[in-house]
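Sequence lines set the chain letters: A, B, ... in the order given, protein chains first and strands last, and positions in each chain run from 1.
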There are 2 protein chains.
Amino acid sequence: MNAVTIKDVARIAGVSPATASRVLSGNPATSPEARARVEAAVEELGFLPNAQARSLRSTKTDSIALLISDVRNPYFSDLAHAVEQHARAAGLMTFIGNANEDSAQQDDFLATMLSRRVDGMIVVPQGLGEQAGTATSMMRRIVDSEIPMVFVDRTLHDIAVPNITAQSREALNEAIAALKSNGHRRIAFIGGPKHASTALERHRAFDAALEANGLPTDAALHFAGDFRTASGADGARWFLAHPLAPSAVIIADAPMAIGALKVWRELRAKVGTDFSVVAFDEVDALLMHDPPIATISHNLEAMGRAAVQALLAVIRQEEADPLELVSSFTLRPSVATAPPENAVHTEGTRP
Amino acid sequence: MNAVTIKDVARIAGVSPATASRVLSGNPATSPEARARVEAAVEELGFLPNAQARSLRSTKTDSIALLISDVRNPYFSDLAHAVEQHARAAGLMTFIGNANEDSAQQDDFLATMLSRRVDGMIVVPQGLGEQAGTATSMMRRIVDSEIPMVFVDRTLHDIAVPNITAQSREALNEAIAALKSNGHRRIAFIGGPKHASTALERHRAFDAALEANGLPTDAALHFAGDFRTASGADGARWFLAHPLAPSAVIIADAPMAIGALKVWRELRAKVGTDFSVVAFDEVDALLMHDPPIATISHNLEAMGRAAVQALLAVIRQEEADPLELVSSFTLRPSVATAPPENAVHTEGTRP
DNA sequence: TTGTAGGCGTTATCAG
DNA sequence: CTGATAACGCCTACAA
C-alpha cells in the first residue's frame, strides 16, 4: 500500500536510514547536504512516515482523543468544534469518537485510542450507576494506565481526574424567579439520566432554585428522561397528563426539548400560551420555534478551551487551575412570562 | 504508562509469547488449558494489547477514518452517526475528523490517519479549484498510497475513487413546479462554494429544473454562498435588495438557510407571506421555524450505510456497485405554496 | 556529522 | 498444539 519506508528514502538519498531519520525528525546533527538530499528523496517518493512504528519507539504522537456523548446533539458538536480548534492551535490533532450515550461504545473508543497511544484524552464520561454515575471497569483500567485525561461537561463521582463542568444554579434561579413573578407556582422538570452528572446537577439546582424562590419542591413534578429526543416526547405527554397540572416546565437538554415540542405541536398544545417552557442549550431549533423558547446555555467555546488547557496542563504535569463554568440564562419574554392564567392546565382542560 | 506487555502475560501464564499471542488473536491452534491460563493472566494484569505494535506486523487495524466538512452542521453529524453505527456493526471503529470546510484541516487529518494505518477512509472531500473542486496535493498523495477510500456526499472531479453522492434534480423539479403552480416566476438561488461538487450539482439541477418548467434561467438570480451560516445571512440581504424582486428563494443548505432566516426575522421580513423559501436539508431548526420551511432532504442514514458498504467492498477488493442516491423532497404547503401576490417584492415594497 | 546495531510489542513462519 | 526466531518501520545509543 504505502510500502515506501525510511529505508527507501535513505537509499535514494544515498545516506543511512539513521541519517534520514535525523533529518525527518529535525535533529540538528545533520549536514545541509544530507538534509537536501533526504528532502528531495522524500518528495520524490511521496514518503509518509509510519506513525505506528514511530510511536513504538518515541512516545509523543501529537494527537488527542475526544469522546462526546452524542454527535447529533448540537451541544456536543459545538463542544467538539471548540476542542478541535483549540487543540489544533496547540499543534494537536483531534480524533473524535461518538459514545452515542452508551458506555460500551465509549469503552471501545477509549480502549482503541489508548492502544494507539494518543497523548491524552478529553472525555464526556458515560457513567453507569446511581447519582453522578460510576465508572465502567474499562474506564477504571484506562484511568489506571495514567494516560493524561480530563473530563468535560460530565464527571464520574468515583474517578478523580481534572474536570471541567458547568454550574447551572444561578441560571435556574433566574429562570424560576422569572416564572414565579409571572404567577407560575407548579413548575415541572424533565431531567436527564441518572448516569450523567449533569442530570443530577441540573436537578439539584432546580430544587435549590425552587427553594430559593420560596416554592415547594415536589418529586412528582420530576420526569426522568435520558437526554434523547424520544424521552422528551414521553416527557411532553407526561406533562400534559399530569394530575397537578403544572403551568411551566424546564427541560434539561435540547434534544429532549425538541422531542417535546414536536409532540406538543402534534397535539396542538400551545407552547407559551397554555404553558411556559424553558430549555437547556441554546440551539437554533429552539430559537426558531414559534414562539422562541427561553434557554439556559453554557458557553461551549469556553468549555472546550478550558478542557484543552487542562489537558495540556496534565500532559506537562503542571498544576491545573480549577475551573468552573457558569451557565447563562436567556429569557425570551414571549415564552417565560406567559402567565399561567392562560394555561389549559390550570383550567383543567387538557388535550 | 501501560507497561504491561504480552511477554508479561506469557510469563504469568507460563507459556511463550507466541502462544499468548495466539490466544489473544483467537487463533484456533490453542489448547483450552493455554487459553484459560492466558486469559487469567490478562485479567490479572489488566493487559491491553498495543495496537501500534500489532498493526506493525499484521496490517488490519479494524478501524476507519471518517472526514466530514463541518461537525456543527446537522447534515454531517447525521451522516457521521450513520457511518459510525454501520461501521460498528461491521466490527470497525470510526475516528471522526472535522475539516471545518478547510482543505488544510482535511489534509492534516487524512495524513495522520494514513500514517496510523486505518483500514480505510470515508471522506467528504474538500476541494480547491473551480467547478466540482480539485484535489490538494496531499489528497493526491493519499489516493496514490492506495489506501481504501470512498468519497461521500461530495466528489472531486480529478480523482477517481468510488463515491456516494446524491442527485437533486427530481426534487428541484418538484419544488419549482410547486412554486410555479402558485404563480412564482422569478426564483432566486442561494448556492454553495465552487469547491464543493454538491454546490455545482444543486446549481445545475436548479437551472435544469427552471428550464424543465419553462422558466428562464438568470445568473443574476444566483447568489454564491459558502454553505456556512454567515453567507446565508448575506444572501438574505442580497435577496431582499434584489432589483428583480424575486418572490421565492431556494437555499442550498441548512446553515445558510438558518443564517438567512435570522436576518429576515430581524428585518421583519415575513417568510411564507412576503416570499417563499425552500431549503436543502431537513433539520429541526427549519421544521420548528414559523412557518415551517419547505425542505429538500437526502436520506443520510442510507448515504452513511452505502458509504460503509462501498468502503468494505473496496477493502475486500470486490466490485462496488456504482451507487447513486436520489434525494427526496418534502413540500410543506404553508410555505412553498405562498402565492407571490402577497410578496412584498412583487409590489416593489421592500424593508 | 554519520553509520551500525539493537530494540520498541506484536505476529508470521517454521520447526518440533 | 507449542516455542524459538525473525521481522514489521522507526528511533537512538554508541562508536567511528
Quiz item: With no hydrogens and no angle check, is any side-chain donor or acceptor of T112(B) less than 3.5 Å from a backbone partner on D108(B)?
Solution: yes
Practice problem: Let me know the distance between CG of N27(B) and P of dT10(C), rounded to the nearest Å. | Solution: 16 Å
Quiz item: Looking at dT2(C), dT11(C), dC8(D), which one has an atom nearest to any side-chain atom of T19(A)?
Solution: dT2(C)
Self-check item: Interatomic distance where CG belongs to L48(B) and P belongs to dG9(C) [whole Å]
Solution: 14 Å
Self-check item: Within residues 28-41 of chain A: residues closer than 4.0 Å to DNA chain C (heavy atoms)
Solution: A29(A), T30(A), S31(A), A34(A)
Practice problem: For the pair E33(B) and R37(B), find out whether any cationic side-chain nitrogen is under 4.0 Å from an anionic carboxylate oxygen. | Solution: yes
Quiz item: Is R228(A) paired with D226(A) through a side-chain N to carboxylate O contact shorter than 4.0 Å?
Solution: no
Quiz item: In whole angstrom, what separates R11(B)'s CZ from dG3(D)'s P?
Solution: 15 Å
Quiz prompt | Value in whole Å for how far the P atom of dC11(D) lies from CG of L56(A) | solution = 11 Å
Exercise. Take atom CZ of R54(A) and atom P of dC8(D), then tell me their distance rounded to the nearest Å.
Key: 19 Å
Self-check item: Which nucleotide in dA12(C), dT10(C), dC8(D) has an atom nearest any side-chain atom of F47(B)
Solution: dT10(C)
Quiz item: Is there a donor-acceptor pair closer than 3.5 Å between any side-chain N or O of T61(A) and the backbone N or O of R117(A)?
Solution: yes
Produce the list of close N/O pairs, under 3.5 Å, pairing protein atoms with atoms of nucleotides 4-7 of chain D; give distances to one decimal.
unit_1: dA7(D); atom_1: N3; unit_2: R57(B); atom_2: NH1; d: 2.4

Quiz item: Between D8(B) and R11(B), is there a salt bridge with N-O shorter than 4.0 Å?
Solution: yes
Self-check item: Interatomic distance where CG belongs to L24(A) and C1' belongs to dG9(D) [whole Å]
Solution: 12 Å
Quiz item: Out of dG9(C), dG3(C), dG9(D), which nucleotide sits closest to the side chain of V15(A)?
Solution: dG3(C)
Quiz item: Within the distance-only criterion (no hydrogens, no angle test), does the side chain of N98(B) pair as donor or acceptor with the backbone N or O of V71(B) below 3.5 angstrom?
Solution: yes
Self-check item: Interatomic distance where NZ belongs to K7(B) and P belongs to dG3(D) [whole Å]
Solution: 15 Å
Quiz prompt | Non-hydrogen atoms of V314(B) and P162(B) that approach each other most closely | solution = CG2-CG, 3.8 Å
Self-check item: Short side-chain to backbone donor-acceptor contact, Q317(A) and I315(A), under 3.5 Å
Solution: no
Quiz item: Could you give the CD1-to-C1' distance, from I6(B) to dT11(C), as a whole number of Å?
Solution: 8 Å
Practice problem: Would you indicate what S21(A) reaches in the nucleic acid, counting non-hydrogen atoms under 4.0 angstrom: base, sugar-phosphate, or nothing? | Solution: base
Quiz prompt | Flag, side chain of Q52(B) to backbone of L56(A), donor-acceptor distance under 3.5 Å | solution = no
